Amino acid sequence: MKRLKKKPNLLTCNTLINGLIKFPSLHSIQLGKQVFYDSIKLGVIPQTTTFNIMILGCCLEGKFNEAISFIGKMKEFGCFPDNVSYNTILGFFCKKRRLKEAGDLLQDMKEKGLIPNRNTFNIVVSGYCKVGWLKEARKVIDMMVKNDVLPDVWTYNMLINGLCGEERIEEAVKLRDEMENLNVLPDVVTYNTLINGYFKCGGSSEGFRLVEEMRDKGVKMNAVTNNILVKWYCKEGKMDEASEKVRVMEESGILPDKVTYNTLINGYCKAGKLGEAFEMMEMMERKGFKMDTITLNTILHTLCKERKLKEASELLTSASNRGYLLDEVSYGTLLAGYLKDGTADKALKLWSEMKKKEIVPSIITYNTIIGGLCELGETEQAICKYNELLRSGLVPDSTTYNTIIHVYCKEGKVEKAFELHNKMVEKSLKPDVFACNILLSGLCSEGMLEKALKLFNTWISEGKIIDIVTHNTMISGLCKEGKLEDAFHLVSEMKERNLNPDHYTYSAILGALTSVGRTNEAEEFMSKMVEVENFQQPSLQIKEQNVKTSEMTEVYDSDSNACSEQIIELCNQGRYKDAMRIFEASNNKGITLNKSAYIVLMEGLIKRRKRLSKAVP
DNA sequence: TTAGGGTTAG
C-alpha cells in the first residue's frame with residue numbers, strides 16, 4: 001500500500017499496529033510505530049484508539065515520556081485522550097512502582113475533566129498494594145464505594161495479593177470469605193494468589209489444601225497454578241518432583257509455557273545441576289519458546305554466583321548485540337556480582353552505563369547498590385544513591401530503610417536513624433526484627449542504654465518478634481554498663497522464650513565477670529560456654545562434610561575432564577555444533593561434565609542467535 | 001482494534 005501510495009482504511013492500520021505491538025518479537029514495536037507514521041503520510045487520520053495503541057507500545061518499551069507526549073499530540077489530529085489513554089500509562093507506572101509519576105498523571109487526568117472509572121481505581125489499588133501501602137489501598141476502595149463504583153473480583157484479588165506480599169496470609173483468606181459473602185465469587189486468580197501466598201509463608205499443606213478446594217468448587221486450574229506448584233518444588237530442591245509435575249500437567253492438558261521452562265531452568269541452576277539446566281534451555285527452544293530476558297538473567301546470575309564475572313560481563317554485551325532485551329535486572333545482577341567481589345568502581349561504572357541507556361533501576365537494584373556500597377565502607381556513595389532514589393519517585397521498602405538505618409547507627413547518628421524509623425512507620429511499613437536489632441545496637445554502642453531498654457520493652461509489649469540477636473545485643477549492652485544482674489535476668493528470660501544462649505551471649509557475660517574480678521563465676525560460665533561450643537561442634541562438622549561432598553562432585557574422572565576441555569575449546573573457537581556433538585556423545589555414555597563446560601554450552605546457546613547488523617530499524 | 005489482578009530472573 002505504501003509503495004502504491006494507497007490510503008489504507010483506519011481499521012486496517014489500527015489492527016496492523018496493534019498486532020505488531022503485541023507480537024512479542026524484536027523491533028516489532030518500532031515497526032508498529034513506523035506503520036503509524038507511514039499511515040499519516042498516506043493521509044490516514046488517526047483516532048483516539050490509534051493513539052491508545054501507540055501509547056501501549058511506548059509503555060511496553062518502557063518509554064513513558066514518549067507515551068505521555070502522545071497524549072499531547074492527539075489534539076493536532078482533532079481527537080482527545082480518554083480513560084484508556086491514561087489508564088494504560090497509569091497501569092505501567094504502578095507496575096513499576098513509580099507512584100509519584102502515577103500520582104502526577106492522575107492529577108493531569110482529572111484536570112482534563114476525565115472521571116476515573118473502575119479500571120482507574122483498580123490500577124491505583126494495585127499500585128498501593130505493590131508497595132505495601134495497604135491502608136491507602138483500602139481508602140481507595142472506600143472511595144470507590146462512595147462513588148458508586150463497586151469493587152469487583154479484580155479489586156479484591158489485588159488487595160489479597162497485597163496482604164500475601166506482607167505475609168498476612170490469614171487476613172488474605174478472611175478477605176476471600178468476605179468477598180464471597182458480598183457475592184463476588186473468587187476465581188482462579190484468587191486461588192492462585194492464595195496458594196502462592198501460603199507457599200511463600202511456609203504453609204505448604206494449606207496451599208495444597210486450597211488446590212483441592214478449588215477443584216471441589218469447580219474453579220479450573222490453569223498454567224499459572226501449575227507454575228506456582230513447580231516453583232514450590234524447585235524452591236524445596238525437589239527437582240525430580242518438579243519435572244514430574246510438569247509431565248503430569250501436560251498429560252492433563254495444561255501445557256507448560258515460557259514461565260514453566262524458566263522456572264525449571266532457574267531451579268536446576270540453583271541446585272547446581274547445570275547440565276539439566278542446559279537441557280531445559282534446549283527443550284524450551286525445541287518446543288518453540290524463545291529464550292528471553294529472564295532466561296538470560298538467570299544465566300547471568302549463575303555466572304555471577306560461580307564468580308565468573310568476566311564471562312557475565314561479556315555475555316551482557318554479546319546478548320545485547322544479538323537482540324536480547326537487557327533490562328534493569330540484567331544490570332542489577334552483574335552489579336551485585338561486582339559488589340560482592342569488592343569492586344565498587346566496576347559496579348559504579350556499570351550503574352552509569354545503565355543510566356546512559358535510559359534503563360530505570362527498580363527499588364531492588366537501588367537496594368543492591370546501596371547495600372553493597374555500605375558493605376564496602378563506601379558510606380558517602382551509598383547515601384548519595386539513597387538520595388537519588390528518593391528523587392526518582394520510587395518508594396523505598398523495608399530493606400532500603402534497614403540499610404540506611406544501619407549506616408546511620410554505624411556512624412553514631414542514632415537520632416537520624418530514629419527519624420528514618422519513624423518515617424518507615426508513617427509509611428505503614430512495619431519495622432521488623434532486623435530494624436529493631438540495628439536500632440538497639442546503635443543505642444547501646446552510643447551509651448544510650450536506657451533508651452535501648454525502653455525500645456526493647458515496647459517491642460516485647462507490642463508482641464513483636466525478637467530473636468537471639470535482640471537478646472545478645474541487650475545483654476552485651478547491659479554488661480558494658482556493668483549491669484550484670486540485669487544481664488543474668490535477661491539470659492533466663494531468653495531461655496523462657498525458648499531461645500538458647502549461644503557463644504555471643506556467654507562471651508559478653510564472661511567478659512563482664514572477669515573485668516569486675518568475679519573469677520569463680522567466670523570459670524563456671526566458661527565451662528558452660530565450652531558446653532555450648534561442644535554442642536555446636538557436630539553441626540559444624542556436618543557443614544564441613546557438606547562442603548567436602550560438594551567439592552567431591554567437582555572432582556571428575558579423566559573422561560569427564562577430557563570431554564569438558566574439548567567442549568570449552570570448541571566453543572571458544574566458535575565451533576558450537578562440534579561442541580554439541582561431543583556433549584551428546586558424552587551424555588549418551590553417562591559422563592557428567594564439569595560446571596565450566598555446561599556454562600560455555602549455555603552461553604553458546606544464547607549466542608547462537610545471529611548477531612544483529614549495526615543498522616537497527 | 002485500545003486500559004486493570006495471579007506464575008519465572010536479582
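Naming convention: chains lettered A, B, ... in sequence-line order (proteins, then strands); numbering from 1 in each chain. Scope of the values below: all heavy atoms of this structure, side chains included, with no hydrogens, waters or symmetry mates. Being a predicted model, the structure only gives us computed values, none of them experimental.
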Touch class at under 4.0 angstrom, heavy-atom based, for [X] against every strand present:
X        : answer
A/Asn367 : nothing
A/Ile364 : base
A/Asp187 : base
A/Lys340 : nothing
A/Val125 : nothing
A/Asp327 : base
A/Thr368 : nothing

Just to confirm, is there a sub-4.0 Å distance from OP1 or OP2 of [N] to any side-chain nitrogen or oxygen of [X]?
X        : N      : value
A/Lys95  : B/dA3  : no
A/Asn262 : B/dA9  : no
A/His301 : B/dG10 : yes
A/Asn196 : B/dT7  : yes
A/Lys231 : B/dT7  : no

Per [X] side chain, nearest of listed nucleotides [options]:
X        : options              : result
A/Asn14  : B/dG10, B/dT1, B/dA3 : B/dT1
A/Lys270 : B/dA9, B/dT2, B/dT1  : B/dA9
A/Ile228 : B/dT7, B/dT2, B/dA9  : B/dT7

Side-chain donor-acceptor distances from residues 57-71 of chain A under 3.5 Å, at least two apart:
| unit_1 | atom_1 | unit_2 | atom_2 | d |
| --- | --- | --- | --- | --- |
| A/Glu61 | OE1 | A/Lys33 | NZ | 2.7 |
| A/Glu66 | OE1 | A/Lys33 | NZ | 3.1 |
| A/Glu66 | OE2 | A/Lys33 | NZ | 3.1 |
| A/Ser69 | OG | A/Glu66 | O | 2.6 |

| request: Evaluate the ring planes of A/Phe208 and A/Tyr233, with Trp represented by its six-membered ring, and classify them as parallel (under 30°), tilted (30 to 60°) or perpendicular (over 60°). | output: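 Rings of A/Phe208 and A/Tyr233: tilted, 30 to 60°.
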| Looking only at heavy atoms, what is the nearest atom pair of A/Glu180 and A/Pro186, with distance? |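 Here A/Glu180 and A/Pro186 meet closest at CG-CD, 3.4 Å.
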| Taking atom types as modelled and ignoring hydrogens, do the side chains of A/Asn52 and A/Thr49 form a donor-acceptor contact shorter than 3.5 angstrom? |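 A/Thr49 and A/Asn52 do not have a side-chain donor-acceptor pair below 3.5 Å.
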